[in-house]
**Q** 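Have a look at this one.
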Amino acid sequence: MGAGIVGLATGLELTSRFPGVSLAIIEKETAVATHQTSHNSGVIHSGIYYKPGSLKARLCVEGSEALVRFCQENAVPYDICGKVIVATAENELPRLDELYRRGNGNGLTGLQMLTAEEIREIEPHAAGIRGIRVPSTGIVDYGKVAEKYAEHIVERGGEIHVPHEVIALRRSRGNTIIETTRGPIEAGLVINCAGLQSDRVSRMADAKVDSRIIPFRGEYYEIIAAKHYLVRGLIYPVPDPQFPFLGVHFTRRIGGGVEAGPNAVLALKREGYLKNSFDVGDMLEFATFPGFWIMAAKHWQMSVGEYHRSWSKAAFVRALRRLLPELRAEDLISGGSGVRAQALDISGKLIDDFHFVYTEGMVHVCNVPSPAATASLAIGKYIVNTVLQRGDSNLAAAR
């Protein structure tokens, strides 16, 4: 359930491992990859940020390599352009050192600690007192990657059902009946990759999931063509470890252009890509979840700053100029936005690692934010391997 890049990658793994398997991918929209997959910055992440031993670290590194191979084999344009992570203040240096340790711990090769002069050799217009060069970071169009996944699935006999919105789930004679807006579908194994709606689908299955998906909207600006020379590759700040966001940064796009952003504000609608997007039902779900108010009380100052940047271009530009001092407000025009499905637990903690829950005949992909697109092929493989290890009889029979 869900034809975003994770659902499609999982379907691709199933059709690859089990030729002839009867596979249906159910998507409520009219096309694949319409939400998080096609609304991100298109970065192929290296795995430097994630705690060694975590699923994010392992699957990002594995998935990045698999994604590059897939792009090479399928003529999907990509560019391993590298990036620099830049510390602009002394108090960021311990965190920069920790990133370097994590990157080495996760098996990244070619990492290089940079002096201020070396930063400017790579990015002449960037500011910074120290930095890290990450040569394995790249860019790609994840919408095109997802479309290629879907193409292979259909070639192998899989079916993609759009638009089929899931409205109920029930168990019957060892199988799951998925009630959709286009009628029922019966399956021996169901994998919930519903992204922004994944917790709602989990509750339909009576899964014991003490978390809610909280949508965070990220808003971007684009640098005007005359100022593209300011950014050669990717320029990132040192992230705050309290939050699962990387901070405003600069990213070249595979199709041309340079993006600046994103911020991270609470979206008042699960699929709310506009500042005025609002849904009463979505807001009531947040308001009645205890973890939301704990998070709000703990991080209200950060939230105020993010909202200020959302509504004030001048504030957004000030944040960007920490990395790129020559940038001016007139160098930026409004760009796109994306909504991140971030799981929040009942204690008010933003769940950091990838998280999966298993019920009878079902896998619930409960938290796969960034770097899920980079890691998508590895996530699909992990899900299928875990189902087999758990002894699912339907998949074992397909094998």
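Residue numbers start at 1 and run along the sequence shown.
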**Q** Report yes or no: do Asn74 and Arg69 form a side-chain donor-acceptor pair below 3.5 Å?
**A** no

**Q** Should the heavy atoms of other residues, nucleotides or ligands under 6.0 Å from NZ of Lys51 be counted, would the total exceed 12?
**A**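 No, the 6.0 Å shell around NZ holds no more than 12 heavy atoms from other groups.
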
**Q** Looking at Asp352, is its backbone amide N or carbonyl O close enough to the side chain of Lys56 to form a donor-acceptor pair, meaning the two atoms are under 3.5 Å apart?
**A** yes

**Q** For Asn192 and Ser202, test the side chains for any donor-to-acceptor distance below 3.5 angstrom and give the result as yes or no.
**A** yes

**Q** Determine which pairs satisfy salt bridge (charged side-chain N to carboxylate O under 4.0 Å, His left out) with at least one residue from residues 19-32, sequence neighbours left out, and list them in order.
**A** Lys28-Glu271

**Q** For His45, is there any backbone N or O sitting under 3.5 Å from a side-chain donor or acceptor partner on Thr374?
**A**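 The answer is yes, because a donor-acceptor pair under 3.5 Å joins these two groups.
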
**Q** Not counting sequence neighbours, which residues clear salt bridge (Lys or Arg N to Asp or Glu O under 4.0 Å) with Asp97? List them please.
**A**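 Asp97 satisfies salt bridge (Lys or Arg N to Asp or Glu O under 4.0 Å) with Arg130 once adjacent residues are dropped.
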
**Q** Take Arg101 and Asn106, measure what side chain to side chain donor-acceptor pair (under 3.5 Å) needs, and give me the verdict at the end.
**A** CA-CA 9 Å; Arg101 285 191 292 270; Asn106 291 335; over 6 Å; no

**Q** Does anything in residues 250-265 form a salt bridge (charged side-chain N to carboxylate O under 4.0 Å, His left out)? List the pairs, not counting sequence neighbours.
**A** Arg253-Glu259

**Q** What pairs meet the salt bridge (charged side-chain N to carboxylate O under 4.0 Å, His left out) rule with one or both residues in residues 300-312, with sequence neighbours excluded?
**A** Glu306-Arg309

**Q** Using side chain to side chain donor-acceptor pair (under 3.5 Å) as the criterion, list what pairs up with Glu65, not counting sequence neighbours.
**A**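 In terms of side chain to side chain donor-acceptor pair (under 3.5 Å), with neighbours along the sequence ignored, Glu65 is linked to no residue.
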
**Q** What heavy-atom pair brings Thr181 and Pro163 nearest, and what distance separates the two atoms?
**A**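 That would be OG1-O, 4.1 Å.
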
**Q** Could you report the tightest heavy-atom contact between Ser337 and His39, atom names first, then the distance?
**A**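 Minimum heavy-atom contact is O-CD2, 3.1 Å.
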
**Q** Is it the case that more than 12 heavy atoms not belonging to Lys298 sit under 6.0 Å from its NZ atom?
**A** no

**Q** Minimum heavy-atom separation for Ser46 to Cys60, with atom names?
**A** C-SG, 4.0 Å

**Q** Name all residues meeting the salt bridge (Lys or Arg N to Asp or Glu O under 4.0 Å) criterion together with Arg58; count only those two or more places apart in sequence or in a different chain, and write none if there are none.
**A**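 For Arg58, no residue satisfies salt bridge (Lys or Arg N to Asp or Glu O under 4.0 Å) once neighbours in sequence are set aside.
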
**Q** Not counting sequence neighbours, list each pair that qualifies as a salt bridge (charged side-chain N to carboxylate O under 4.0 Å, His left out) and has a residue in residues 138-147.
**A**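 Only Asp141-Lys144 qualify under salt bridge (charged side-chain N to carboxylate O under 4.0 Å, His left out).
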
**Q** For the aromatic rings, using the six-membered ring if either is Trp, is the centroid distance between Phe356 and His364 under 6.0 Å?
**A**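 Judged by ring-centre distance (under 6.0 Å), Phe356 and His364 do not meet the cut-off.
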
**Q** Does the pair Arg322 and Thr88 meet the rule for a side chain to side chain donor-acceptor pair (under 3.5 Å), with working shown?
**A** CA-CA 7 Å; Arg322 292 180 62 241; Thr88 58; 2.7 Å; yes

**Q** So do the side chains of Leu266 and Phe286 get within less than 4.5 Å of each other, counting heavy atoms only?
**A**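 They are in contact (side-chain heavy atoms under 4.5 Å apart), so the answer is yes.
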
**Q** Any donor-acceptor pair under 3.5 Å linking the side-chain atoms of Glu219 with those of Ser310?
**A** yes

**Q** Identify the heavy atoms of Gly233 and Glu123 that sit nearest to each other, and give their distance.
**A** N-OE2, 2.8 Å

**Q** Show which residues join Ile224 in its hydrophobic cluster (side-chain heavy-atom contacts under 4.5 Å, direct or indirect), or state none.
**A**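 Under the 4.5 Å side-chain rule, Ile224 groups with Ile333.
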
**Q** For the residue pair Arg171 / Thr176, report whether a side-chain donor-acceptor contact shorter than 3.5 Å exists.
**A**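 Arg171 and Thr176 do have a side-chain donor-acceptor pair below 3.5 Å.
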
**Q** Are side-chain N/O atoms of Tyr382 and Glu62 paired as donor and acceptor at under 3.5 Å?
**A** no

**Q** Could you name each residue pair satisfying side chain to side chain donor-acceptor pair (under 3.5 Å) that touches residues 281-292, not counting sequence neighbours?
**A** Arg200-Asp282, Arg200-Glu285, Arg203-Glu285, Arg270-Glu285

**Q** Sub-3.5 Å donor-acceptor pair from the side chain of Asp199 to the main-chain atoms of Arg212, do we have one?
**A** no

**Q** Who passes side chain to side chain donor-acceptor pair (under 3.5 Å) against His125, sequence neighbours left out?
**A**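 Partners of His125 by the side chain to side chain donor-acceptor pair (under 3.5 Å) criterion, ordered by chain and then number, come out as Glu326.
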
**Q** Quick check on Glu90: does its CD atom have over 12 non-hydrogen neighbours (other residues, nucleotides or ligands) under 6.0 Å away?
**A** no

**Q** Would you say the side-chain atoms of Arg321 pair up with the backbone N or O of Pro325, donor to acceptor, closer than 3.5 Å?
**A** yes

**Q** Should side-chain heavy atoms under 4.5 Å link Ile, Leu, Val, Met, Phe, Trp and Tyr, which residues sit in the same cluster as Leu323?
**A**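 Leu323 shares its hydrophobic cluster with Val84, Val86, Leu114, Ile119, Ile122, Tyr221, Ile223, Tyr229, Leu230, Val231, Ile235, Val248, Phe250, Val258, Phe316, Val317, Leu320, Leu324, Leu327, Leu332.
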
**Q** I'd like to know whether Tyr220 forms a side chain to side chain donor-acceptor pair (under 3.5 Å) with Ser334, so could you lay out the CA-CA distance, the side-chain angles of the two residues, the decisive distance to 0.1 Å, and finally the verdict.
**A** CA-CA 7 Å; Tyr220 293 88; Ser334 294; over 6 Å; no

**Q** Is a donor on one side and an acceptor on the other found under 3.5 Å between the side chain of Thr37 and the backbone of Gly4?
**A**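 No.
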
**Q** Taking only residues two or more places apart in sequence or in another chain, which ones pass side chain to side chain donor-acceptor pair (under 3.5 Å) with Lys269?
**A** none

**Q** Check the pair Leu55 / His355 against side chain to side chain contact (heavy atoms under 4.5 Å, CB included), numbers first and verdict last.
**A** CA-CA 9 Å; Leu55 279 177; His355 181 55; over 6 Å; no

**Q** Determine whether the side chains of His35 and Tyr273 contain a donor N or O and an acceptor N or O closer than 3.5 Å.
**A** yes

**Q** Would a hydrophobic clustering, with Ile, Leu, Val, Met, Phe, Trp and Tyr connected at side-chain separations under 4.5 Å, put Ile153 with Phe18?
**A**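 Yes, same cluster.
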
**Q** For Arg95, is there an ion pair with Glu98 - N to carboxylate O distance below 4.0 angstrom?
**A** no

